[in-house]
Amino acid sequence: MTTLPRTGRPLLAPYITGGIRPDWTEYLHEYVRNGADAIEIGLPFSDPIVDGSTIQEASDIALRRGVTVRSILDEVAAADVGVPLIAMTYYNLVHRDASAFCRDLAAAGIHGLIVPDLPVDESATLAEAAASAGVDLTLLAAPTTPPARLAEIAAASRGFVYAVSTMGTTGSSFAASGGNLATELRKLTDLPVLLAFGITTHADAVTAAQSADGVVIGAALMRRILDGGTPAELGAVLAGLREALDKDGPDCVP
């Protein structure tokens, strides 16, 4: 199984914190209607060490609403979105029973998993559990990752490889070093390489797509949702990003 099949255009994967609002699954449908190739769903955690203030705020709100992994997965299962869904969460929520966790993801229609605080050296157990459940475990690479470790991450990832543009948290400023990282990763794998962290504007997305196979956009969208943006309004934002990528990005991602 491949979480993110190539489409011949830059891939666009928006993020949303699961359970952020009672109508949060409506954002999933709007994202799909407006050009999302996949959607990353954050499973809220109380100490999201990779996430900046915006997604931390979103996680806090969702948890105060009383959402759980189970409630989010039940809502996802009922949503029938139609594009690949990728869960992003922290190892604290996974390690007690990784096999059951991955089976629950697959049963809900989620077939990708990102665990940013799980290093490649310690990923074998979860990778086995994920593969058994039909879930692609995607690993992260950073601009400071040494070449030998980059090759290890590229080889161990499934679905796609997640390239972090900067040594900061989500919501940081987009860094050109991410483009260099994506270029190096694409030499090491046939999987799509998606660039994330700090991609806020149309120009950021287009710049990222020059070196990567696509982009993940998280904090910029979540900030709008936290400020009251409706599903239709967020769909329009995504449509603008899709148009910019299609117009000014590479004609065809090799």
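Keep in mind that the numbers below use all heavy atoms, side chains included, and drop hydrogens, waters and symmetry copies.
- Cluster annotation: Ile72 is not connected to Leu63 through the hydrophobic network of ILVMFWY side chains, with a link wherever side-chain heavy atoms come within less than 4.5 Å.
- The closest side-chain heavy-atom distance from Arg242 to Pro10 is below 4.5 Å.
- Side chains of Trp24 and Val67 form no contact here, defined as non-hydrogen atoms less than 4.5 Å apart.
- Atom-to-atom distance recorded for Ile153:CD1 and Leu188:CG is 10.0 Å, nearest 0.5 angstrom.
- In terms of heavy atoms, Gly18 sits closest to Pro44 at O-CG, 3.4 Å.
- Residues Thr54 and Ala219 come closest through the heavy atom pair CG2-O, 3.7 Å.
- Identified under the salt bridge (Lys or Arg N to Asp or Glu O under 4.0 Å) test for residues 10-25, with sequence neighbours left out: Arg21-Asp23.
- Between Pro84 and His111, the closest side-chain pair of non-hydrogen atoms is not below 4.5 Å.
- Under the 3.5 Å distance criterion, the side-chain polar atoms of Thr145 are matched with a main-chain donor or acceptor of Ala142.
- Counting heavy atoms from C-beta outward, Ser123 and Glu152 have side chains that stay 4.5 Å or more apart.
- No donor-acceptor pair closer than 3.5 Å links the side chain of His95 to the backbone N or O of Leu126.
- Checking side-chain atoms of Asp117 against main-chain N and O of Tyr91 turns up a donor-acceptor pair under 3.5 Å.
- In this structure, CD1 in Ile20 is found 13.5 Å from OG1 in Thr25, a value given to the nearest 0.5 Å.
- For the pair Ile217/Leu238, no side-chain contact is recorded, criterion being any heavy-atom separation below 4.5 Å from C-beta on.
- Counting only residues at least two apart or in different chains, salt bridge (Lys or Arg N to Asp or Glu O under 4.0 Å) contacts with residues 222-240 comprise Glu57-Arg223, Arg223-Asp227.
- Closest approach of Leu137 to Ala130, counting heavy atoms only: CB-CB, 4.3 Å.
- Shown here for Cys102 and Leu113, the closest heavy-atom pair between the two residues is SG-CD2, 4.3 Å.
- Note that OG1 of Thr17 and CG of Leu226 are 7.5 Å apart. Values are rounded to the nearest 0.5 Å.
- For Thr138 (side chain) and Arg158 (main-chain N/O), a donor-acceptor pair under 3.5 Å exists by modelled atom type.
- The heavy-atom pair separating Ser211 from Thr183 by the smallest distance is CB-OG1, 3.6 Å.
- Looking only at atom types and distance, the side chain of Thr201 has a donor-acceptor partner in the side chain of Asp204 under 3.5 Å away.
- For the salt bridge (Lys or Arg N to Asp or Glu O under 4.0 Å) condition, the pairs that include at least one residue of residues 59-70, sequence neighbours left out, are Arg70-Asp74, Arg70-Asp104.
- One N or O on the side chain of Asp37 and one on the backbone of Leu12 form a donor-acceptor pair closer than 3.5 Å.
- Nearest heavy-atom pair, Ala154 versus Val161, reported as atom, atom and distance to 0.1 Å: CA-CG2, 4.3 Å.
- In this structure, CD1 in Ile114 is found 11.0 Å from CD1 in Ile41, a value given to the nearest 0.5 Å.
- Leu191 CG to Tyr162 OH: the interatomic distance, rounded to the nearest 0.5 Å, is 16.0 Å.
- Looking at heavy atoms from C-beta onward, Leu234 lies out of side-chain contact with Glu30 at the 4.5 angstrom threshold.
- Asp97 has its side chain out of reach of Phe101: every pair of non-hydrogen atoms, C-beta onward, lies at least 4.5 Å apart.
- With contacts defined as side-chain heavy-atom distances shorter than 4.5 Å, the pair Leu221/Tyr15 does not qualify.
- Rounded to the nearest 0.5 Å, atoms CD1 (Ile16) and CD (Glu40) are 11.5 Å apart.
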